[in-house]
Amino acid sequence: MKDVRMFKMTWPEVEEYLKENDVVLFPTGSTEQHGKHIAEDNDAFTAFEIAKRVAERTGVLVAPPMPFGNSIHHMRFPGTITLTFDTLVDVYKEVCESLIKHGFKKIVIMNGHGGNTNAIAQALREVREETGVVVYSLMVFPDKFGAESLKVLEQERGGHACEEETSIALYLGQRVLMERAEDWKPPRTWTEFDTKYRRKVATAMNWDELTEIGSIGEPTLATREKGERMVEAVVEEISTFIEDLKKL
């Protein structure tokens with residue numbers, strides 16, 4: 001199978017690709033704690049792996065993955081690396097502007113981290129205002145794409161390094177230490193007030209105020225088979241979008 005990684009190509013090979021195709025996928029994620037059982041690069045890892053599978057199906061290229069995101073809420077767990085909102089917006093803009101300059105007119109940001117969403121939205125707006133190019137963004141975890149596959153899950157509520165994310169990590173070949181996976185319990189510091197209003201009122205909370213173990217959900221229910229079902233659904237539906245985008 002032909003290598004779809006743009007960063008493993010020479011510039012003449014990229015130039016040749018651009019004669020026939022102007023689509024490129026730009027994976028982005030984070031480097032942040034994922035509980036006691038999943039490697040910290042999981043969001044970037046997942047974004048790249050999903051993007052690569054989509055690219056292989058559709059014949060488009062994948063740009064280098066962006067490994068850092070906005071993860072300030074995870075900073076009390078060792079190993080997390082975060083960028084400020086403004087820095088992240090600038091990075092997304094400058095990557096997109098570089099790709100646009102070379103002739104990529106259809107850029108799709110493949111996002112693997114919810115904390116990046118607002119920065120991506122701002123970057124997309126500024127890129128359009130400044131260049132006229134419409135850049136797209138989507139979530140690589142089952143959400144708008146592959147949502148039906150979430151029916152395989154047994155957990156009541158997920159959130160982070162949960163049954164969903166752990167299952168997908170298992171299927172994609174991520175480093176997962178299942179023997180260390182723990183299901184979420186309310187932190188011992190929670191008061192009756194916290195329990196009563198936490199899903200009704202928004203505030204700026206650090207992740208360690210929500211979980212003592214770093215994860216939320218029930219990762220002990222995760223299996224590789226569930227991950228396969230979700231990944232295949234997401235890849236299939238995103239691939240359909242890319243094929244439609246190629247025709248525009």
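As the structure is a prediction and not an experimental result, all values here were calculated from the model.
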With heavy-atom distances below 4.5 Å as the criterion, would you say the side chains of [X] and [Y] are in contact?
{"X": "F104", "Y": "V23", "value": "no"}
{"X": "H37", "Y": "T166", "value": "yes"}
{"X": "V24", "Y": "V108", "value": "no"}
{"X": "L210", "Y": "W190", "value": "yes"}
{"X": "N116", "Y": "M66", "value": "no"}
{"X": "P219", "Y": "D183", "value": "yes"}
{"X": "I107", "Y": "Y136", "value": "no"}
{"X": "T82", "Y": "F68", "value": "no"}

Would you confirm whether [X], through its side chain, and [Y], through its main-chain N or O, come within 3.5 Å as a donor-acceptor pair?
{"X": "T31", "Y": "E40", "result": "no"}
{"X": "S30", "Y": "D43", "result": "no"}
{"X": "T211", "Y": "I213", "result": "yes"}
{"X": "T80", "Y": "R76", "result": "no"}
{"X": "E237", "Y": "V234", "result": "no"}
{"X": "S167", "Y": "T223", "result": "yes"}
{"X": "E163", "Y": "Q155", "result": "yes"}
{"X": "N206", "Y": "D208", "result": "no"}
{"X": "Q33", "Y": "G35", "result": "yes"}
{"X": "N21", "Y": "L18", "result": "no"}

Inter-residue atom distance Q122.CD - T117.OG1, 0.5 Å rounding: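 Spacing of CD (Q122) from OG1 (T117) equals 13.5 Å.
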Separation between CZ of R5 and CG of L25, rounded to the nearest 0.5 Å: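 Answer for the CZ-CG pair, R5 versus L25, is 14.5 Å.
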Are [X] and [Y] close enough for a salt bridge, meaning some N to O gap below 4.0 Å?
{"X": "E56", "Y": "K2", "value": "no"}
{"X": "R125", "Y": "E129", "value": "yes"}
{"X": "K8", "Y": "D3", "value": "no"}
{"X": "R198", "Y": "E192", "value": "no"}

Side chain to side chain contact (heavy atoms under 4.5 Å, CB included) against V152, all qualifying residues, sequence neighbours excluded: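 For V152, the residues satisfying side chain to side chain contact (heavy atoms under 4.5 Å, CB included) (neighbours in sequence not counted) are K226, R229, M230.
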With sequence neighbours excluded, residues passing side chain to side chain contact (heavy atoms under 4.5 Å, CB included) with E94: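 By the side chain to side chain contact (heavy atoms under 4.5 Å, CB included) rule, E94 matches D90, E97.
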Least distance between heavy atoms, [X] atom then [Y] atom:
{"X": "P27", "Y": "V62", "value": "CG-CG1, 3.6 Å"}
{"X": "S137", "Y": "I120", "value": "OG-CG2, 3.4 Å"}
{"X": "M6", "Y": "V14", "value": "CG-CG2, 3.9 Å"}
{"X": "E212", "Y": "T189", "value": "OE2-N, 4.5 Å"}
{"X": "N70", "Y": "G115", "value": "CB-O, 3.5 Å"}
{"X": "S149", "Y": "G146", "value": "OG-O, 2.6 Å"}

Looking at [X], I'd like to know if its [atom1] atom is crowded, meaning that more than 12 non-hydrogen atoms belonging to other residues, nucleotides or ligands lie closer than 6.0 Å.
{"X": "E156", "atom1": "CD", "result": "no"}
{"X": "K246", "atom1": "NZ", "result": "yes"}
{"X": "E148", "atom1": "CD", "result": "no"}

Does [X] belong to the same Ile/Leu/Val/Met/Phe/Trp/Tyr cluster as [Y], with side-chain heavy atoms less than 4.5 Å apart forming each link?
{"X": "F26", "Y": "V134", "value": "yes"}
{"X": "I38", "Y": "F141", "value": "no"}
{"X": "W184", "Y": "V176", "value": "no"}
{"X": "L248", "Y": "V133", "value": "yes"}
{"X": "W11", "Y": "I100", "value": "no"}

Pair T10-E13, side chain to side chain donor-acceptor pair (under 3.5 Å): steps then yes or no: CA-CA 5 Å; T10 63; E13 290 174 318; 3.2 Å; yes
Residues M75, E32; criterion side-chain contact (heavy atoms from CB on, under 4.5 Å); working and verdict: CA-CA 8 Å; M75 279 299 289; E32 66 181 29; over 6 Å; no
From CA spacing to verdict: salt bridge (Lys or Arg N to Asp or Glu O under 4.0 Å), E232, R53: CA-CA 9 Å; E232 289 305 312; R53 285 163 170 77; 5.4 Å; no
Between Q174 and D41, a side-chain donor and acceptor under 3.5 Å: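 Yes - a donor-acceptor pair under 3.5 Å links their side chains.
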H160: ring pair (Phe, Tyr, Trp, His ring centres under 6.0 Å) partners, not counting sequence neighbours: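 Testing H160 for ring pair (Phe, Tyr, Trp, His ring centres under 6.0 Å), a comparison that skips the adjacent residues, returns H34, H74, W207.
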Working for side chain to side chain donor-acceptor pair (under 3.5 Å), residues Y92 and E126: CA-CA 10 Å; Y92 293 141; E126 293 186 21; over 6 Å; no
